[in-house]
Number of protein chains: 2
Amino acid sequence: MLALTKKTSYGILAMSYLASQPVDRVLSARQIAQECHVPLSLLMNAMKVLAGVGYVESVRGPRGGYRLARRPEDVNLADLVATLEGPVRQAQCLSDPANQHECTQVEMSRCPVVDPVHRVHRRLNDFLRKVTLAELAEGHTDASLVEAAPQTAALPGGASGEK
Amino acid sequence: MLALTKKTSYGILAMSYLASQPVDRVLSARQIAQECHVPLSLLMNAMKVLAGVGYVESVRGPRGGYRLARRPEDVNLADLVATLEGPVRQAQCLSDPANQHECTQVEMSRCPVVDPVHRVHRRLNDFLRKVTLAELAEGHTDASLVEAAPQTAALPGGASGEK
DNA sequence: CTAAAAGGTACTTTTCTAGTACTATTTTGT
DNA sequence: ACAAAATAGTACTAGAAAAGTACCTTTTAG
């Protein structure tokens with residue numbers, strides 16, 4: 001329900017993992033996939049996009065890999081998601097039937113229409129813009145701590161009777 | 001990019017429109033569809049779900065329709081979206097490969113895992129929970145004001161070279 | 001009784017996601 | 001310098017979900 005796609009998730013996870021490493025360290029997609037427990041092929045797909053836009057720097061050849069190209073504080077989720085998820089279907093104008101174009105972020109922020117759906121998207125975007133990679137990576141120093149997590153909060157019973 | 005589905009959008013739009021009406025006023029799906037410029041059939045689909053859960057009250061027969069069953073202040077987006085979008089694919093645990101179940105909201109809020117993707121979903125949910133229908137409906141007193149909107153902020157040039 | 005409106009069911013089409021296979025490029029080792 | 005190996009990058013395919021359509025049933029005011 002309004003969840004990030006796998007590709008986006010992998011991308012964020014990889015970025016966050018890279019952020020937790022020494023800046024000069026070059027990590028191959030294979031390494032990242034292993035450490036983060038995500039399928040390699042899909043991760044490569046995400047890394048390609050991230051490298052193309054300039055979020056990460058790619059080093060080719062043997063001993064190649066990826067390296068963060070920006071400071072984690074300078075990466076916000078709104079841009080990251082927009083990059084990975086593609087600029088597809090950005091909150092069509094429901095209000096104006098004759099003008100069903102796809103609103104860019106710039107348009108959205110200036111749109112005079114008070115359509116509630118538009119409002120949600122705007123607020124959502126504003127919210128994501130405030131979340132930085134640095135915040136997400138905080139505490140994510142190493143993926144190995146995941147193994148240590150005891151998973152005590154499993155609660156098999158659904159607890160809340162939703163649908 | 002992380003946008004609401006059409007069904008959800010229609011649902012929110014309808015709820016918001018109902019919120020702007022006198023409480024006793026019963027509006028048919030047809031009326032709402034016309035006023036809000038959304039396809040009738042899809043809107044009926046959304047209204048059905050909303051009525052089933054109890055967000056709106058339905059009145060059958062001629063002159064029937066829908067009426068808001070809750071105070072707009074008591075409706076938050078997180079629940080509304082969860083209702084309309086279904087409980088599908090709620091932020092799978094990426095961190096633990098052996099435990100790829102779908103986390104409920106309860107689990108999510110107690111999850112000890114520091115996986116950044118999980119974090120995003122949690123924060124997203126917290127954010128949506130704070131947004132109420134009352135806030136969205138504010139200023140949406142009548143759909144007719146949409147016609148009056150001059151759409152001056154068209155800006156054809158994409159501005160930012162995303163893709 | 002009739003018409004209007006909700007409620008329900010089922011289906012088709014379209015789009016997006018997830019995953020796989022393949023190609024191109026660079027560096028290391030001989 | 002050349003070949004081999006490792007890696008990034010590209011392209012493609014199948015499956016699932018969303019969007020939209022259509023039809024039929026139930027209810028009830030007039």
Side-chain angles (χ1 to χ4, degrees), chain A residues 1-11 13-14 18 26-34 38-67 69 81-82 84-92 94 97 100 102 117, chain B residues 1-11 13-14 18 25-34 37-67 69 81 84-92 94 100 102 163:
Chain A
M1 76 112 198
L2 200 68
L4 301 168
T5 66
K6 289 275 176 68
K7 188 173 164 187
T8 307
S9 300
Y10 297 161
L13 205 50
L18 283 174
V26 172
L27 282 170
S28 73
R30 201 150 287 166
Q31 283 177 288
I32 300 175
Q34 277 184 356
V38 296
L40 171 63
S41 42
L42 258 289
L43 179 70
M44 284 170 69
N45 215 321
M47 295 314 286
K48 180 195 76 173
V49 177
L50 292 174
V53 171
Y55 276 122
V56 297
E57 203 175 331
S58 70
V59 180
R60 305 183 73 161
R63 327 207 44 146
Y66 295 97
R67 171 173 42 200
V81 169
L84 286 163
E85 220 130 302
V88 289
R89 202 181 48 181
Q90 281 188 358
Q92 285 188 341
L94 285 173
Q100 290 257 346
E102 301 186 354
V117 178
Chain B
M1 75 112 198
L2 200 71
L4 302 169
T5 66
K6 290 276 176 66
K7 189 173 164 189
T8 307
S9 300
Y10 296 162
L13 204 51
L18 283 174
R25 179 103 182 270
V26 172
L27 282 171
S28 74
R30 198 152 290 162
Q31 283 177 288
I32 299 175
Q34 277 183 358
H37 308 108
V38 295
L40 171 63
S41 44
L42 258 289
L43 180 71
M44 283 170 72
N45 215 321
M47 296 313 286
K48 213 182 316 178
V49 176
L50 292 174
V53 173
Y55 275 121
V56 297
E57 203 176 333
S58 69
V59 179
R60 304 183 76 162
R63 329 210 41 154
Y66 295 96
R67 170 173 42 198
V81 170
L84 286 164
E85 218 130 301
V88 288
R89 202 179 49 178
Q90 280 187 359
Q92 284 188 340
L94 284 174
Q100 290 257 345
E102 301 187 351
K163 171 41 192 287

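Source: prediction; values computed, not measured. We use all heavy atoms of the structure for the numbers below, so side chains are in, but hydrogens, waters and symmetry mates are not.
- In terms of modelled atom types and a separation under 3.5 Å, the side chain of B:Glu85 and the main chain of B:Thr8 share no donor-acceptor contact.
- By the side-chain contact (heavy atoms from CB on, under 4.5 Å) test, A:Pro39 pairs with A:Tyr10, A:Leu42, sequence neighbours left out.
- Among residues two or more places apart in sequence or in another chain, the side-chain contact (heavy atoms from CB on, under 4.5 Å) test is passed with B:Arg60 by none.
- Between A:Gln31 atom CD and D:dT7 atom P the separation is 8 Å, expressed in whole Å.
- The NZ atom of B:Lys7 sits 9.0 Å away from the CG atom of B:Leu50 when rounded to the nearest 0.5 Å.
- The side-chain hydrogen bond (donor to acceptor under 3.5 Å, both in side chains) test applied to B:Arg25 returns B:Gln21, not counting sequence neighbours.
- Rounding to whole angstrom units, OH of residue A:Tyr66 and C1' of C:dT26 are separated by 14 Å.
- When the side-chain nitrogen and oxygen atoms of A:Arg63 are compared with OP1 and OP2 of D:dA6, none of them lie within a distance under 4.0 Å.
- DNA chain D is contacted by B:Ser41, B:Leu42, B:Arg60 of residues 41-60 of chain B, taking any non-hydrogen atom closer than 4.0 Å.
- C:dT15 atom C1' lies 15 Å from atom NZ of A:Lys7, rounded to whole Å.
- Rounded to an integer number of Å, the gap from A:Tyr10 OH to C:dT17 C1' is 11 Å.
- For the pair A:Lys6 NZ and D:dA17 C1', the computed distance is 13 Å after rounding to whole Å.
- Note on residues 39-59 of chain B: pairs passing salt bridge (charged side-chain N to carboxylate O under 4.0 Å, His left out), not counting sequence neighbours, are B:Glu57-B:Arg67.
- Distance CG (A:Leu40) to P (D:dG9): 13 Å, rounded to an integer number of Å.
- Computed from coordinates, the A:Leu84 CG to C:dA18 C1' distance equals 15 Å when rounded to whole Å.
- Taking atom CG of A:Leu2 as the reference point, atom P of D:dA18 lies 12 Å away to the nearest angstrom.
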